[in-house]
Number of protein chains: 2
Amino acid sequence: MADLARVAGVSAITVSRALRDSPLVNPETRARIREVARQYGYAFNASARNLRLRRSMTVAVVVEMKPTPERQMSGPYPLDLLGGITQQLTSAGYSVLLTSLAGETLPNVQAADGVILLGQGAHEDAMHSVQRWGRPLVVWGAVSRHQSQVVVGSDNFRGGALVAERFLALGRQRPVFLGDPAHGEFAERLEGFNSVLQSRGITALTPAIDNFTVSAGAAVVRQLLQTQPQTDALFAASDLLAIGAIRALIENHRRVPEDVTVVGYDDTPLGATYVPPLSSVHQNFTEAGVLLARKICDLIDGQSVQSATLPTHLVVRST
Amino acid sequence: MADLARVAGVSAITVSRALRDSPLVNPETRARIREVARQYGYAFNASARNLRLRRSMTVAVVVEMKPTPERQMSGPYPLDLLGGITQQLTSAGYSVLLTSLAGETLPNVQAADGVILLGQGAHEDAMHSVQRWGRPLVVWGAVSRHQSQVVVGSDNFRGGALVAERFLALGRQRPVFLGDPAHGEFAERLEGFNSVLQSRGITALTPAIDNFTVSAGAAVVRQLLQTQPQTDALFAASDLLAIGAIRALIENHRRVPEDVTVVGYDDTPLGATYVPPLSSVHQNFTEAGVLLARKICDLIDGQSVQSATLPTHLVVRST
DNA sequence: GTGAAAGCGCTAACAC
DNA sequence: GTGTTAGCGCTTTCAC
């Protein structure tokens with residue numbers, strides 16, 4: 001900036017102001033300075049600004065990126081959230097620092113002005129690690145689990161309830177829930193599911209499941225059909241599980257949906273294009289990402305911020 | 001650091017050295033300083049270090065994150081790459097700055113020490129935008145397209161050739177390629193595909209297609225079957241297209257694979273769990289991400305870096 | 001093994 | 001509308 005100032009015949013601070021479009025600087029002066037900057041290939045130094053302003057203008061986004069072919073956070077889930085987050089954060093002037101919880105925490109990540117955590121993790125362990133960073137924090141996950149935190153999540157309770165209502169409307173009597181309630185979001189879905197069922201005196205079976213893959217879903221359902229051959233409805237906490245479940249049902253000569261109704265969760269392209277096309281509970285991840293970004297910005301600005309629950313709806317297809 | 005120095009009875013520079021585990025500092029001094037830092041909740045200021053070192057210790061990763069339900073870079077593609085990149089970059093001390101090409105370029109992104117571009121884009125437009133940033137650059141895409149750039153890509157030519165070989169082995173006579181050659185990677189696949197076919201005097205049909213969704217794939221194949229009812233083999237440049245294609249084939253009473261052989265690309269969970277399970281060309285995205293990260297680090301360190309092609313193989317399932 | 005001095009490039013505060 | 005002064009928190013260089 002000092003060099004530009006010399007060339008343009010002004011002082012460094014005027015250059016600074018001109019490049020930031022400060023109204024304090026004469027439009028012609030600004031135009032001249034910008035032109036000089038362009039000519040000389042001037043590159044703004046963000047670190048210097050960040051040092052001076054005592055902020056980094058970054059938000060760290062913590063994602064689980066374990067590279068397994070059938071992963072936990074499958075398909076579009078994190079990428080749609082990331083899309084919404086990035087779009088919103090970028091337009092607010094913040095950069096997105098992508099991080100996983102593996103390995104040590106880098107200085108740049110520690111220096112983030114705020115943190116968005118995608119998924120609380122089983123038993124909220126991810127949340128507890130990130131809290132120790134002592135930065136403004138917004139979490140994507142189960143809203144009901146944390147009064148003390150700002151959490152954005154979709155209405156998992158209602159999602160579960162919608163599925164139960166459909167099962168009841170179809171006259172199903174022996175529903176099963178597939179998912180690990182150690183994850184808060186899954187627990188909420190189960191609670192909503194059971195709350196509706198119990199009004200009719202029905203309780204869902206909840207076989208233990210610790211993995212969220214197609215094959216895990218298939219394995220559990222194979223087992224299940226041994227002991228509970230009359231099962232007539234399956235609510236899977238993810239589309240992946242649902243697809244595995246359908247596979248096991250077919251193997252065991254159950255027709256879907258005639259003999260067994262199956263509903264998944266997340267409404268992924270994977271489920272939508274499956275044959276038969278999977279019924280599933282839809283979440284709007286992009287919108288959720290935008291909201292997460294808004295909240296973390298507000299939190300950074302010192303505003304008081306509330307948790308939020310996003311609406312959810314059931315997409316009925318062929319299962 | 002000055003405060004810590006006062007408390008620990010040393011100078012600021014010694015604190016700096018102690019916290020960086022410099023061998024220059026006495027182990028006991030270091031232990032004392034670290035303890036004081038812990039007690040006082042000292043937070044390292046990355047911006048100050050970056051200013052002084054004249055590097056940002058970040059690498060910008062440019063991804064297409066258009067939030068459409070059936071997106072171009074579908075499913076695990078970007079996320080697996082991102083996983084590999086993040087893992088490797090983090091262990092090298094770099095943070096990952098996630099960016100899309102939409103909107104203006106933020107100061108922090110401009111200040112990145114290097115850039116990884118995921119996908120050249122149609123007609124390499126994405127590449128040209130990013131080149132203007134004037135930072136070290138590594139691209140994921142079509143290696144053959146850019147001698148002047150460092151490109152990491154999987155062996156698309158060989159991928160296409162493998163599919164052609166399988167079609168020939170099955171005695172197929174009227175193969176069709178589904179994909180837009182405006183994208184370099186797709187063009188390479190088509191070239192490999194045709195190179196093998198032409199050795200038997202066969203030329204693939206390449207109906208125009210401008211979108212990479214299930215419905216686009218279905219639409220093209222519906223059209224195709226009108227004019228080319230004898231089509232007996234389809235090579236789709238993505239699993240999404242392949243699934244759409246199969247849908248249209250079934251609608252038109254073609255059996256897969258008896259009447260028409262179909263092979264997709266990317267070997268996504270979506271394809272693998274489809275019914276029928278889709279045959280597809282596999283790419284190892286995580287490994288690719290690690291390699292991209294290694295190359296950008298080398299480039300930043302001023303080493304000379306070559307483009308690289310990763311091996312590819314055909315996974316034969318039921319189609 | 002430790003320290004003093006200097007400066008990275010920017011901007012807020014306060015003149016004028 | 002523009003300029004002067006000062007300092008953000010760190011690390012390199014050179015001295016001891």
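Just so it is clear: chains get the letters A, B, ... in the order the sequence lines come, proteins before strands, and each one is counted from 1. All of these numbers come straight from a predicted model, not from anything done at the bench.
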Once you apply a heavy-atom cut-off of 4.0 Å, does B:Thr29 come out as touching a base, just sugar-phosphate, or nothing?
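Counting heavy atoms under 4.0 Å across all strands, the contact made by B:Thr29 is with sugar-phosphate only.
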
Which nucleotide sits closest to the side chain of [X]: [options]?
X       : options               : value
A:Ser11 : C:dA12, C:dG3, D:dG3  : D:dG3
B:Arg54 : C:dC8, D:dC8, D:dT2   : C:dC8
A:Ser16 : C:dT11, D:dT11, D:dG3 : C:dT11
B:Arg20 : C:dA4, D:dT12, D:dG3  : D:dT12
A:Phe44 : C:dG9, C:dG7, C:dT11  : C:dT11
A:Ile13 : C:dA12, D:dC10, C:dT2 : C:dA12

Considering only heavy atoms and no angle criterion, is a donor-acceptor pair shorter than 3.5 Å present between the side chain of A:Arg17 and the base of D:dG3?
yes

Quick one: does A:Leu89's side chain get under 4.5 Å of A:Ile296's, heavy atoms only?
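When only atoms from C-beta onward are counted, A:Ile296 and A:Leu89 do touch, with a gap below 4.5 Å.
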
Starting from the C-alpha separation in whole Å, work towards a yes-or-no answer on salt bridge (Lys or Arg N to Asp or Glu O under 4.0 Å) for B:Lys295 and B:Asp298.
CA-CA 5 Å; B:Lys295 299 241 177 235; B:Asp298 288 352; over 6 Å; no

With DNA chain D as reference, determine whether A:Ala12 or A:Pro23 sits nearer its 5' end, using the nearest nucleotide of each.
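Of the two residues, A:Pro23 wins.
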
Could you point out which residue of A:Asn45, A:Asn50, A:Asn108 forms a side chain to side chain donor-acceptor pair (under 3.5 Å) with B:Asn50?
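When side chain to side chain donor-acceptor pair (under 3.5 Å) is applied between B:Asn50 and each of A:Asn45, A:Asn50, A:Asn108, only A:Asn108 qualifies.
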
